[in-house]
Amino acid sequence: MDISIWGEYIWVFLILIVLEGVLSADNAVVMAVIVKKLPHEQQRKALFYGLVGAFVFRLIAMLIISYLVNFWEIQAIGALYLLYLAVKHIWDKRKGKDKVEKQEDEAKPTSFWGTVARVELTDIAFALDSMLAAAALVVSLPAIGTLEIGGMNAGQFTVMFLGGLAGLVVIRFAATQVVKLLERYPTLETAAFLIVGWVGVKMAVLTMANPQVGILPESFPNSAAWEITFWVVMIALGLGGYIIARKKEKQKG
């Protein structure tokens, strides 16, 4: 095989790792928020099961990638669920629960398997987003041989598979760190839920841009204007929340 083809594959693989890492950032925040109320040992287990689920859903997505474009309902459900989480948290804050009520809420046992189910639900929506983005990147690669997997050349499929694995490692590490941050700075929780809601908006945009829905132009989710807007707002929410949380913790100290 021509060395230039190897160079193309290696280059796309490196880009794919970065792409999966970026796409995994919002997935990690959502997973961390969902498992936060579990005890420490169960948090690790839930994140592990979530990682396994993410791997399975991404593998399935790879194998049936050519059919997934039609399932805009998956992204719509994911968007509604994430927006529900964010709105519910903000609504509860606005209601102004007193400390006794808050302690009672925190004392209530959280269902481990129910939490895992919610993690897996979000994984399905994220798998669709991640694999469609990866497929759009690898289809530009020259085919290697004639073997096909999931309607895609085996060489292209392998690169996408390995890039997806790298993304899962990022999810597992990032989610663990986000949980630790939320435990260290409790006031950061609102910022985390705002980020979850913003990710829900992102999925809603993807849904509305689906050709079968047609509310937004199909090219809009990949436009520079939307990408810049999304990441500027997401980084601002994260940094702003962290700065406010640090100030509040210093005031308490």
Side-chain angles (χ1 to χ4, degrees), residues 21-40 42-51 53-54 77-97 99 101-103 105-106 108 110-112 114-126 129-130 167-168 170-205 229-252:
V22 171
L23 291 174
S24 299
D26 44 17
N27 194 348
V29 174
V30 174
M31 287 176 68
V33 167
I34 292 174
V35 306
K36 180 181 174 290
K37 288 189 177 181
L38 290 173
H40 287 286
Q42 290 190 354
Q43 283 178 5
R44 284 195 286 269
K45 286 182 181 179
L47 287 174
F48 172 74
Y49 288 132
L51 187 65
I77 293 170
L80 289 172
Y81 178 64
L82 297 184
L83 288 169
Y84 162 76
L85 287 178
V87 171
K88 183 180 182 300
H89 176 80
I90 294 169
W91 177 256
D92 286 345
K93 284 279 185 183
R94 290 246 176 172
K95 281 167 62 179
K97 290 183 178 180
K99 291 184 179 180
E101 287 177 326
K102 188 174 181 182
Q103 288 171 358
D105 284 344
E106 291 176 349
K108 291 178 182 176
T110 302
S111 167
F112 173 75
T115 301
V116 171
R118 290 195 293 274
V119 169
E120 303 299 2
L121 175 64
T122 59
D123 274 336
I124 294 173
F126 279 112
D129 182 23
S130 175
L168 293 179
V170 174
I171 290 174
R172 179 65 177 85
F173 174 77
T176 302
Q177 297 307 309
V178 172
V179 170
K180 289 179 180 178
L181 268 177
L182 292 175
E183 289 175 349
R184 185 176 178 184
Y185 303 108
T187 51
L188 192 60
E189 188 176 28
T190 297
F193 273 99
L194 288 174
I195 290 174
V196 168
W198 185 235
V199 174
V201 171
K202 174 188 174 185
M203 286 198 170
V205 166
T229 300
F230 175 77
W231 285 107
V232 166
V233 173
M234 187 164 178
I235 292 170
L237 288 173
L239 286 178
Y242 181 72
I243 292 169
I244 293 171
R246 284 291 301 268
K247 284 183 178 178
K248 286 188 176 181
E249 289 302 311
K250 284 181 180 178
Q251 289 172 359
K252 287 180 181 178

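Listed by chain and number, the residues in a side chain to side chain donor-acceptor pair (under 3.5 Å) with Y84 amount to none (sequence neighbours excluded). Residues that satisfy the side-chain contact (heavy atoms from CB on, under 4.5 Å) test with F48, not counting sequence neighbours, are V52.
The shortest heavy-atom contact between I90 and L194 is CD1-CD2, 3.5 Å. Residue G241 comes nearest to A191 through the heavy atom pair CA-CB, 3.6 Å, listed as atom of the first residue, atom of the second, then distance. Contact between G197 and A86 at its shortest, heavy atoms only, is CA-CB, 3.5 Å. Smallest separation of non-hydrogen atoms from L38 and Q43: O-NE2, 2.9 Å.
Aromatic ring orientation, F112 versus Y49: perpendicular (interplanar angle above 60°, classes split at 30° and 60°).
Note that OG1 of T190 is 9.5 Å distant from CD1 of I244, once rounded to the nearest 0.5 Å. Residue K45 holds its NZ atom at 14.5 Å from NE2 of H40, rounded to the nearest 0.5 Å.
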Exercise. Step by step, work out the side chain to side chain contact (heavy atoms under 4.5 Å, CB included) result for I34 and M31.
Key: CA-CA 5 Å; I34 292 174; M31 287 176 68; 5.9 Å; no
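A donor-acceptor pair under 3.5 Å is formed between the side chain of W198 and the backbone N or O of F230.
Counting heavy atoms from C-beta on, the side chains of W231 and M234 come closer than 4.5 Å. Between V33 and K36 there is no side-chain heavy-atom pair separated by less than 4.5 Å.
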